[in-house]
Engineer: 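Can you keep this structure in mind? I'll have questions shortly.
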Amino acid sequence: MASRHEFFWTNEKDPHVYRRKAILKKYPQVTKLTGPEPLTKWISLAVVLLQFTIAYLLRNTSPLSWKFLLIAWGVGGFASQNCFLCIHELSHNLGFRKPLYNRLFSIISNLPIGIPYSASFQPYHQLHHKFLGDEVYDTDLPTRLEALLLSSVLGKAFFTTFQIFFYAFRPMFVTQIEFTAIHLLNVVVQFVVDYYIVKYWGWNSLMYFLLSSFFAGSLHPTAGHFVAEHYIFDPPAQFKEFESPPPMETHSYYGPLNMLTWNVGYHNEHHDFPYVAWSKLPVLRETAPEFYNQVPEIKSWCWIIVDFIFNHDVTMYNRVKRHTAGPRARRSVDYNDNSK
């Protein structure tokens with residue numbers, strides 16, 4: 001099969017809206033799973049404390065040493081990914097009942113990342129859920145320029161190595177959000193903490209935060225979720241734009257790395273019910289197994305990075321895109337047929 005040089009364009013809405021309605025119709029008790037998880041803040045504080053402790057202990061260790069690099073990859077990469085995905089949980093108000101508390105605690109979870117981003121993540125991520133696949137509002141999608149330049153093996157290797165920068169800077173070039181007081185607070189608090197870390201511990205400690213964050217979004221086991229979630233790894237042989245039903249665009253992963261990443265692998269479940277906390281996503285799947293036994297599943301986040309890079313059938317174009325998530329969208333899947 002020849003590599004694609006165009007996205008999977010469709011006018012159809014994403015399937016999560018319809019699966020959610022069908023599940024609620026058959027299992028109305030699912031609504032009891034929604035709401036914040038009190039454990040989130042304590043787990044996050046423990047991870048933040050771990051990162052600060054390691055940063056302090058490495059204050060006199062060269063960032064170019066094998067010891068520093070191995071700890072930043074082997075411990076810091078997992079911890080930073082945990083911080084990233086805690087901020088993801090908090091963006092759905094799943095840490096506290098009051099939205100403001102989630103925004104403020106996100107700033108604390110952001111501290112070991114080294115660069116302020118939690119305040120910007122929330123509005124961009126909400127757009128990703130509301131307008132999944134929309135060319136304008138879903139900044140998780142690669143741009144046409146990215147797809148054109150990075151669809152080769154070398155291009156995909158470059159993308160997966162430096163994807164943290166793509167996710168950090170792409171949103172600013174695709175759509176704009178309002179700069180609020182929370183954004184300002186996020187920036188001020190982060191830079192003040194960074195300043196005092198450098199002043200009292202030195203640059204090596206701050207470099208530990210930055211390298212950990214880089215590794216978490218690079219060639220790292222937990223970084224597999226970035227490409228696993230919405231890229232199409234089994235593209236249809238025949239596809240007509242705006243006519244053919246799009247391939248299933250969300251993939252789940254049920255492996256052990258979920259224990260370190262707030263169950264983000266339960267990604268179909270998460271998109272179906274964004275206000276079900278990480279601790280309840282396995283319960284959701286167990287409650288409605290006939291709906292989730294059929295969803296595309298990724299077996300390994302480590303292997304999916306390798307497959308993404310070297311599989312010629314998988315390019316940066318292997319994403320479902322929509323011109324609009326509004327009136328032109330139509331239903332493509334009758335999930336009620338599968339729920340009987």
Engineer: Grab the two heavy atoms, one from Tyr117 and one from Asn110, that are nearest each other, plus how far apart they are.
Structural biologist: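 Minimum heavy-atom contact is N-OD1, 2.8 Å.
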Engineer: Say whether, by atom type as modelled, one donor and one acceptor occur between the side chain of Asn82 and the main chain of Leu260 under 3.5 angstrom.
Structural biologist: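 Checking the backbone N and O of Leu260 against the side chain of Asn82, a donor-acceptor pair under 3.5 Å is found.
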Engineer: Would you kindly confirm whether Leu64 and Trp66 end up in one hydrophobic cluster when ILVMFWY residues are joined by side chain heavy atoms under 4.5 Å apart?
Structural biologist: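 No, Leu64 and Trp66 fall in different hydrophobic clusters.
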Engineer: Looking at every non-hydrogen atom in both residues, tell me the closest pair between Phe8 and Pro235 and how far apart they are.
Structural biologist: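 Scanning both residues completely, I find the closest heavy atoms to be CZ-CB, 3.8 Å.
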Engineer: Under 4.5 Å between side-chain heavy atoms, counting indirect links through other Ile/Leu/Val/Met/Phe/Trp/Tyr residues: same cluster for Leu185 and Ile115 or not?
Structural biologist: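 Yes, it is one cluster - the side chains of Leu185 and Ile115 are joined through contacts under 4.5 Å.
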Engineer: Strictly distance-based, threshold 3.5 Å: is any side-chain N or O of Asn186 a donor or acceptor partner for the main-chain N or O of Ile107?
Structural biologist: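 No: the side chain of Asn186 does not pair with the backbone of Ile107.
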Engineer: Hey, does the side chain of Thr160 reach the backbone of Ala157 with a donor-acceptor pair shorter than 3.5 angstrom?
Structural biologist: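 Flag set: sc Thr160 to bb Ala157 pair under 3.5 Å.
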Engineer: So His88 and His125, do their side chains get closer than 4.5 Å, heavy atoms only?
Structural biologist: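 They are in contact (side-chain heavy atoms under 4.5 Å apart), so the answer is yes.
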Engineer: When you measure from the side chain of Ser44 to the backbone N and O of Cys86, does any donor-acceptor pair fall under 3.5 Å?
Structural biologist: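 Checking the backbone N and O of Cys86 against the side chain of Ser44, no donor-acceptor pair under 3.5 Å is found.
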Engineer: For a 4.5 angstrom cut-off between non-hydrogen side-chain atoms, does Ile177 reach His183?
Structural biologist: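 SC-SC contact between Ile177 and His183 confirmed.
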Engineer: When the aromatic ring centroids of His129 and His271 are compared, is their separation below 6.0 Å?
Structural biologist: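 Centroid separation for His129 and His271: below 6.0 Å.
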Engineer: I need the minimum non-hydrogen distance between Lys156 and Ser151, along with the two atoms involved.
Structural biologist: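 Closest approach of Lys156 to Ser151, heavy atoms only: CE-O, 3.7 Å.
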Engineer: Look up atom CG in Asp134 and atom NE2 in His128, then write down how far apart they are to the nearest 0.5 Å.
Structural biologist: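 Reported to 0.5 Å precision, the distance equals 12.0 Å.
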Engineer: Counting only N and O atoms by type, is there a donor-acceptor contact under 3.5 Å from the side chain of Glu146 to the main-chain atoms of Thr143?
Structural biologist: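 It does hold such a pair.
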Engineer: Kindly indicate, with the supporting measurements, whether the criterion side-chain contact (heavy atoms from CB on, under 4.5 Å) is fulfilled by Tyr27 and Phe291.
Structural biologist: CA-CA 11 Å; Tyr27 301 106; Phe291 291 94; 3.9 Å; yes
Engineer: Could you go through Val47 and Cys83, starting from their C-alpha distance and side-chain angles, then the distance that decides it, and tell me whether this counts as side-chain contact (heavy atoms from CB on, under 4.5 Å)?
Structural biologist: CA-CA 8 Å; Val47 175; Cys83 291; 3.9 Å; yes
Engineer: Around Phe105, counting heavy atoms of other residues, nucleotides and ligands shown, do more than 12 lie under 6.0 Å from its CZ?
Structural biologist: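 For Phe105, atom CZ is crowded (more than 12 foreign heavy atoms under 6.0 Å).
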Engineer: Test ring-ring contact (aromatic ring centres under 6.0 Å, His included) on Phe166 and Phe162; report intermediate values, then the result.
Structural biologist: CA-CA 7 Å; Phe166 288 88; Phe162 299 101; 8.2 Å; no
Engineer: Parallel, tilted or perpendicular for Phe233 and Tyr231, by the 30°/60° rule?
Structural biologist: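 Because their plane-to-plane angle is over 60°, the rings of Phe233 and Tyr231 count as perpendicular.
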Engineer: Answer yes or no: is there a donor N or O on one side and an acceptor on the other, between the side chain of Asn263 and the main chain of Tyr266, under 3.5 Å?
Structural biologist: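 Flag not set: sc Asn263 to bb Tyr266 has no pair under 3.5 Å.
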Engineer: Donor-acceptor check, side chain of Gln176 to backbone of Met172, threshold 3.5 angstrom: yes or no?
Structural biologist: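 Looks like yes, one N/O pair under 3.5 Å.
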Engineer: Does Leu219 offer a backbone N or O that forms a donor-acceptor pair with the side chain of Trp73 under 3.5 Å?
Structural biologist: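 Yes, because the side chain of Trp73 sits within donor-acceptor range (under 3.5 Å) of the backbone of Leu219.
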Engineer: Can Arg59 be said to sit on top of Tyr56's aromatic six-ring, NZ or CZ under 6.0 Å from centre and within 45° of the ring axis?
Structural biologist: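 Cation-pi check for Arg59 and Tyr56: passes.
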Engineer: Please tell me whether Leu257 and Leu50 are part of a single hydrophobic cluster in this structure, the criterion being side-chain heavy atoms less than 4.5 Å apart.
Structural biologist: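 Linked, Leu257 and Leu50 end up in one cluster.
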Engineer: Hey, does Phe68 have a side-chain heavy atom less than 4.5 Å from the side chain of Ser65?
Structural biologist: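 Side-chain contact under 4.5 Å: yes.
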Engineer: Please check: side-chain N/O of Arg103 versus main-chain N/O of Leu90, any donor-acceptor pairing under 3.5 Å?
Structural biologist: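 Yes.
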Engineer: Determine whether the side chains of Ser279 and Glu37 contain a donor N or O and an acceptor N or O closer than 3.5 Å.
Structural biologist: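 Result is yes, a qualifying pair exists.
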Engineer: Are Phe121 and Leu141 connected in the hydrophobic side-chain network, where two residues link if heavy atoms are under 4.5 Å apart?
Structural biologist: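 Phe121 and Leu141: separate clusters.
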Engineer: Examine Leu100 and Val189 and state if one hydrophobic cluster contains both, with Ile, Leu, Val, Met, Phe, Trp and Tyr joined whenever side-chain heavy atoms are less than 4.5 Å apart.
Structural biologist: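 Cluster IDs for Leu100 and Val189 match.
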Engineer: Report yes if the distance between the aromatic ring centroids of Phe173 and Phe169 is under 6.0 Å, otherwise no.
Structural biologist: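 Centroid distance Phe173-Phe169: not below 6.0 Å, so no.
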Engineer: Of the non-hydrogen atoms in Phe78 and Thr222, which two are nearest, and what is the gap between them?
Structural biologist: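 The pair with the smallest heavy-atom distance is CD2-CG2, 3.5 Å.
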Engineer: Measure the shortest side-chain to side-chain distance between Pro142 and Phe7 over non-hydrogen atoms and say whether it is less than 4.5 angstrom.
Structural biologist: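 Sidechains of Phe7 and Pro142: in contact.
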Engineer: Enumerate the residue pairs fulfilling salt bridge (Lys or Arg N to Asp or Glu O under 4.0 Å) with a member in residues 258-274, sequence neighbours excluded, ordered by first and then second residue.
Structural biologist: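 Listed once each, the pairs are Arg19-Asp272, Glu269-Arg285.
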Engineer: Does the side-chain contact (heavy atoms from CB on, under 4.5 Å) test come out yes or no for Phe226 and His220, once each step is laid out?
Structural biologist: CA-CA 11 Å; Phe226 289 119; His220 191 273; over 6 Å; no
Engineer: If I compare all heavy atoms of Ala223 with all of Ile305, which pair ends up nearest, and what's the gap?
Structural biologist: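 Answer, listing the atom of Ala223 first, then Ile305: C-CD1, 4.3 Å.
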Engineer: With a 4.5 Å cut-off on side-chain heavy atoms, are Lys21 and Leu24 touching?
Structural biologist: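 The answer is no; the side chains never approach within 4.5 Å.
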Engineer: Which label fits Phe214 and Phe165: parallel for a plane angle under 30°, tilted from 30 to 60°, or perpendicular past 60°?
Structural biologist: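 Correct class here is tilted.
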Engineer: Is it the case that more than 12 heavy atoms not belonging to Phe52 sit under 6.0 Å from its CZ atom?
Structural biologist: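 For Phe52, atom CZ is crowded (more than 12 foreign heavy atoms under 6.0 Å).
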Engineer: Can you confirm whether or not the ring centre of His270 sits under 6.0 Å from the ring centre of His92?
Structural biologist: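 Ring centres of His92 and His270 closer than 6.0 Å.
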Engineer: Closer than 3.5 angstrom, by distance alone: can the side chain of Gln126 be matched with the main-chain N or O of Ser91 as a donor-acceptor pair?
Structural biologist: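 At least one qualifying donor-acceptor pair exists.
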Engineer: Show the numbers, then the answer: is there a side chain to side chain donor-acceptor pair (under 3.5 Å) between Thr161 and Ser218?
Structural biologist: CA-CA 4 Å; Thr161 301; Ser218 184; 4.8 Å; no
Engineer: Hey, does Ile182 have a side-chain heavy atom less than 4.5 Å from the side chain of Leu104?
Structural biologist: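 Leu104 vs Ile182: side chains touch.
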Engineer: Do you know which two heavy atoms are closest between Leu211 and Leu69, and how far apart they sit?
Structural biologist: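 The pair with the smallest heavy-atom distance is CD1-CD2, 4.0 Å.
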Engineer: Mind checking side chain to side chain donor-acceptor pair (under 3.5 Å) for Thr250 and listing every partner two or more places apart, or none if nothing turns up?
Structural biologist: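 Applying side chain to side chain donor-acceptor pair (under 3.5 Å) to Thr250 gives His16, His230.
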Engineer: State, with a plain yes or no, whether a side-chain heavy atom of Asp138 is found less than 4.5 Å away from one of Leu127.
Structural biologist: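 Asp138 does not reach Leu127 side chain to side chain.
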Engineer: What do the steps show when you test Asn258 against Trp301 for side-chain contact (heavy atoms from CB on, under 4.5 Å), and what is the final call?
Structural biologist: CA-CA 10 Å; Asn258 277 305; Trp301 276 346; 4.3 Å; yes
Engineer: I'd like to know if Glu135 and Arg322 make a salt bridge, using a cut-off of under 4.0 Å between side-chain N and carboxylate O.
Structural biologist: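 Here Glu135 does not pair with Arg322 in a salt bridge, since their nearest N and O are not under 4.0 Å apart.
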Engineer: With a cut-off of 6.0 Å (strictly less than), are more than 12 heavy atoms of other residues, nucleotides or ligands near CZ of Phe179?
Structural biologist: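 Yes, CZ of Phe179 has more than 12 neighbouring heavy atoms, counting only those of other groups under 6.0 Å.
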Engineer: Could you check if a side-chain atom of Asp140 sits within less than 4.5 angstrom of a side-chain atom of Tyr167, using non-hydrogen atoms only?
Structural biologist: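 The answer is yes; the side chains approach within 4.5 Å.
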